[in-house]
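Notes follow once the structure below has been shown.
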Amino acid sequence: MNKRKGHFGKFGGRFVPEMLFSALDELEEAYYDAIKDKLFQKEFKYYLKTFTGRPTALTFAGNLTEKLGGAKIYLKNEGLNHTGAHKITHCIGQALLAKRMKKKRLIAETGAGQHGLATATVSAKLGFSCTVYMGEKDIDRQRPNVFLMEQLGAEVIPAKFGNRTLKDAVNAATKDYIENFSTSHYLLGSVVGPHPYPVMNRNFQSVVGDEVKKQIMKAEGRLPDYIIACVGGGSNAMGIFYKFLNNKNTKLIAVEAGGKSEKAGEHSMSFKGTVGVVEGYKSFFLQDEDGQIQDTYSIAAGMDYPGIGPELSYLKDIGRIEADAVSDEEVIDAFKLICKTEGIIPALESAHAVAKAVKLAPQLKKNKIIVVNISGRGDKDIFILADKLKDKNFFQFLKDYLNREN
Amino acid sequence: MNKRKGHFGKFGGRFVPEMLFSALDELEEAYYDAIKDKLFQKEFKYYLKTFTGRPTALTFAGNLTEKLGGAKIYLKNEGLNHTGAHKITHCIGQALLAKRMKKKRLIAETGAGQHGLATATVSAKLGFSCTVYMGEKDIDRQRPNVFLMEQLGAEVIPAKFGNRTLKDAVNAATKDYIENFSTSHYLLGSVVGPHPYPVMNRNFQSVVGDEVKKQIMKAEGRLPDYIIACVGGGSNAMGIFYKFLNNKNTKLIAVEAGGKSEKAGEHSMSFKGTVGVVEGYKSFFLQDEDGQIQDTYSIAAGMDYPGIGPELSYLKDIGRIEADAVSDEEVIDAFKLICKTEGIIPALESAHAVAKAVKLAPQLKKNKIIVVNISGRGDKDIFILADKLKDKNFFQFLKDYLNREN
Amino acid sequence: MNLIDKQLIKIKNENRTGLMTHVVVGFPSLDKTISIVKNMVEAGVDFVELQIPFSEPLADGPTIMGACEKALKDGVKVKDAFDAAAILSKNINVPLLFMAYYNTVFKYGTEKFCADAKKAGISGLIVPDIPFEEEENEHFIKFCKREGLKNIRVMSPSSTTERLKINSKVAEGFIYCTARQGITGSSKELDPELKSYLTNVRRYFKIPVAVGFGISNKERLNQIKPFADIAVIGSAIIDIINDSLETDLENNLTSFLRAIID
Amino acid sequence: MNLIDKQLIKIKNENRTGLMTHVVVGFPSLDKTISIVKNMVEAGVDFVELQIPFSEPLADGPTIMGACEKALKDGVKVKDAFDAAAILSKNINVPLLFMAYYNTVFKYGTEKFCADAKKAGISGLIVPDIPFEEEENEHFIKFCKREGLKNIRVMSPSSTTERLKINSKVAEGFIYCTARQGITGSSKELDPELKSYLTNVRRYFKIPVAVGFGISNKERLNQIKPFADIAVIGSAIIDIINDSLETDLENNLTSFLRAIID
Ligand SMILES: Cc1ncc(COP(=O)(O)O)c(C=O)c1O
Ligand SMILES: Cc1ncc(COP(=O)(O)O)c(C=O)c1O
């Protein structure tokens, strides 16, 4: 097994056409070169501190802890990052790398728009032009983020094929990259894709685990017993898990979208899928017996993805992490609970991690410590929430707004 | 002049009916007692750090600086605070005070919903029940924030009288306070109102100036030549100005909403108003010759207010701060510019400060330093922006969304 | 001698509870204000409170707020209040008081306001939001004194002993006590602690006590009489105005007041 | 001897550029796939590439993607590709190649895939997304070899010398060169650097060179001939299928191919 090739046990790798290979070789080389460079590290930290606002707070969830009556719960509030989620961290890392490689343009795929927003943001800040691919269906569902990306100067191009969602945006972005990699960098948005993306994004994101270590040592004098994170592609999970991998006393739990049911197309539980090789990497995928990718669903747009980062698949395989899933209903309940008890409105993605904590904490002794990764803030989900909660007043507001526009 | 009574020169004071006086006496006493208590200070800092995520970043706006070709511009990004604006800072301060006073409930007024959101948030976090008063017209305009406040467990009550906006919400909240102050604290949302609010909120917010001092010393080795902040009531401005008052080399500029024109009802330039005594304090107000409060307007909901914090009036009067205003158009232009050059989407309130910087910077030498207070982030303003920019795609998104709901 | 003092002596001599009624100047119209006040006086009220409408009536409940809003919308000006007072004071013999918020006074010019009020035949000012603590800068009490206007202090059940003491030093004419903690307007029950509150007020104030807020009928009035030298009727009258056809207004008002006064 | 080798010798002997055409299995239908391929062979093509539809065709342009999507929607299975190959290989004498994405191979089981392909009469596999670097774990080349299937490497203008070297070690049959950096589909001009690119390829590969992507007419074909041992026509054929009435399809295809072949 050659780590340098991006394998994690049998997972990972770089399964791409030759036309992409050189680009990834160049990227890999530039990356390993950059991380040896103190100045690069310094610049990365500079932007994390002065632009995204790191470190993000680790909040003791006193009310939730009391309410659940078990383990102590801490919330790592990644929603406090600039643009409202953890995504900006690897965006800054990759954008600085792209600068080093003298690229002029950043390409990104986006599902819900969070990664696109973060990419558009770093593009503006670091002087790149920016193209974001987004499934046509997602554009129709997530227009507010499209609007914000456009304000930031990004061009948002619809992916009009496939089922016109995230995976099709990945496809379109990859093709753009293939044709334009001499001038452009493909800023992939999670710990997925071919090597070096999973390694690179995990390393950039590992600052989250570093912060948690320091913060929890200060608060509790010891490391946590559990860390819980939601998983779409796995960047926020790997970010908070990575620096704890060697600390076997910290159990790591990755939570997927249980969705509406276990039926194909009604969830995004990639860990329950089978091993495949898609989008350039080997991992668990939701696919049929022919290897065709299946439809997925999640209430959280950022988790509506049929694959999962290869390192997570590996860690699951060797038993270092536990994989679990929670249903839409549990997510909504957890969302409501944490809003009212802790004054934190989590992204629906992050509410999956909260839902797991809500189930786990009461089963644990009071001296146990759980850290939940709140990967993003929830204001972005207001349209989905108002829909689920059937908020008539919100609908009326929209009607009135539209009437004024006519 | 007795500072203890909350006078700033001829401004400020406590012009309230007797039925409110005892409540304010109690509050004042509790406040001065609290700030002498190290534990209170410690608790305040604890929540700022572990809950709201302070310190917020000071970002060097390199692209904007270069584009404008003059002074170096730094952005104090208060939008990185939990709930997305500076407001949470004084909310935490007051809520901790209310806890000390054994109150069980927080009352707040809100215009755009930002202060209501912050109050609802700290209520959830610190275990208060929460009532937010909001003008009926504002509720209709700012439903997303109402929705979020409700998720946080707050009761949002419409003020159905007057012109059904912020000042009427203040009125309604005050009346609730008058009737219920034995159990409730009125968490006023700016450096306005009767003593001790202007002093108290300014002191809580002064942490912003403290942070800027440290951050700019680290970045530049000296204090800035200019600090620019927008002014609704004045809390973000006083927060960033206060610790610089004694440093006469730092010019302080307060920017008001020039709106559509100088006609009454088409702007919110309180500094151009006359001295009056309204809502319990003496200051500049937009009022007619009979002292009746005039209608105000601003593209930024949080600046649509006819008064201004008394300390600001005083500082203007003695020439320590400069007052200026920018038009809606200048604000929109500045908004677009900073989005595209710096990757920061400011609140429309904060975009007023940016607009002033855009005018000022080119007139200054390159060795001058400007700090602009970005009091909040702009995602909250998406409906207003889409309206101003006539974003047909956004309207279509809303139509489709509503169609799915029917 | 100030008309208020005269009237207070008269009530005392007659051994009865005096009655103060309230109008918002210009509501429902300036003409009606004049005729309503005349009606009141004919019905036998002892004091009339003329409220100058203000856009931010912090101490008023929805009823009076609504009346103020309506008056302002109709274009009523501060000057109209002085004019109305001038007309009324020439035609009636009970003391007239201005109820105003301090911004109205301040904006007019406190000194001039007091002088012009005096000229218009006003006997006292009820300005709830100018506490004694601001006197040093504002000189409100000073100018009232200079013009011989009674500066009527307004106290509430929440007023602490300290507040009562402070106000007792500057109170004149009578002390105006709100019967419950809260805004003006009708409510179902008198505050149960009213008695001890008013007893406490009397401990610090040597002047007569007016009790207001929430008096809407004879029964309520009788509840208050044992504790009050003057009973104040405010919102109830505006309710009548709101509920009456224009043609019935004066009749309705007269019958309401007659029923209350006997 | 593998059919591909035979065909390559034949072309060489005839001193002409060979032609490889492409179909998506099951597009526009399974029956049509069979008849289209037969048509192609009758028209004189030398190799036929049968693409097994995959839901995530990363290396294909919109035309082929659309065809794959349509086939999958119609329920085409991987097994159908093997069945089609079996039928065709019995009826025609030109080499058939599977074009597939690696997930299709992997999910089927690489060993079994190769064995079954062999059984179905397939002569070579074009799997663009299984680089040599993964051989250690995947054994794709090993199983190709075991079954005597040509493992056709796909190179692109962006391939570095290092990539050419690495692939040259394992390439078999012919080397498949995309004529421009980018996805399949028709474009207006041939990459100007095509010549130096293909010259470079020939420096490292001793086997014949197939050049594909973007050939839509005789003119384009002639542009390529000097550099190519085999010309590949892909999207252009799908365009014809898309643009033809069902009844005209075979005629249109035949005239297109005839015009190209002479
Ligand atoms: C807030 C948030 N959390 C989680 C995710 C899922 O991605 P990942 O698993 O890579 O963290 C997303 C993706 O958009 C997101 O926006
Ligand atoms: C982001 C933001 N900035 C500024 C203001 C204006 O208030 P102040 O002048 O008290 O800072 C508001 C008020 O809601 C606000 O939300």
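Below, chains carry the letters A, B, ... as their sequence lines are ordered, and counting in each starts from 1.
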For residues 272-281 of chain B, the salt bridge (Lys or Arg N to Asp or Glu O under 4.0 Å) pairs (sequence neighbours left out) are E262(B)-K272(B)

Quick check on [X] against chain B: is it the side chain, the backbone, both or neither that has a heavy atom closer than 4.5 Å?
X       : value
M65(C)  : side chain
P57(C)  : both
Y108(C) : neither
I52(C)  : neither

Listed by number, the residues in residues 99-109 of chain B that come under 4.5 Å of chain C (heavy atom to heavy atom) are none

Next on the checklist: Less than 6.0 angstrom from the centroid, inside 45 degrees of the normal: does K175(B) satisfy that with respect to the ring of F161(B)?
Outcome noted: yes

Practice prompt. Answer yes or no on whether R153(C) is positioned over the face of Y176(C), meaning its NZ or CZ is under 6.0 Å from the six-membered ring centre and within 45° of the axis.
Written response: no

Once you measure the plane-to-plane angle for Y177(B) and H185(B), does it fall in the parallel (<30°), tilted (30-60°) or perpendicular (>60°) bin? perpendicular

TODO: Determine the interplanar angle of the H139(C) and F143(C) rings, folded into 0 to 90°, and report it as parallel if under 30°, tilted if 30 to 60°, perpendicular if over 60°.
DONE: perpendicular

With a 3.5 Å distance limit and no angle check, can you tell me whether [X] reaches the backbone of [Y] through a side-chain donor-acceptor pair?
X       : Y       : result
S159(C) : M155(C) : no
T183(B) : N180(B) : yes
S268(B) : P306(B) : no

Q.
Just to verify, what does R203(C) make a side-chain hydrogen bond (donor to acceptor under 3.5 Å, both in side chains) with, not counting sequence neighbours?
A.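 So R203(C) forms a side-chain hydrogen bond (donor to acceptor under 3.5 Å, both in side chains) with N200(C).
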
- Above 12 or not: heavy atoms from other molecules or residues under 6.0 Å from NZ of K206(C)? yes

Basic-acidic side-chain contact under 4.0 Å: E147(C), K118(C):
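No, E147(C) and K118(C) are not salt-bridged.
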
Carboxylate-amine/guanidinium proximity below 4.0 Å for K282(B) and E138(C): yes

Spell out the residues in residues 124-135 of chain C that have some non-hydrogen atom less than 4.5 Å away from a non-hydrogen atom of chain B, in order of number; otherwise answer 'none'.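 So the qualifying residues are P128(C), D129(C), I130(C), P131(C), E133(C), E134(C).
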
Of the listed A172(B), S182(B), G162(B), the one with the largest count of heavy-atom pairs under 4.5 Å with chain C is G162(B)

#### Entry: Contact origin within D176(B) toward chain C - heavy atom pairs under 4.5 Å
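Neither part.
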
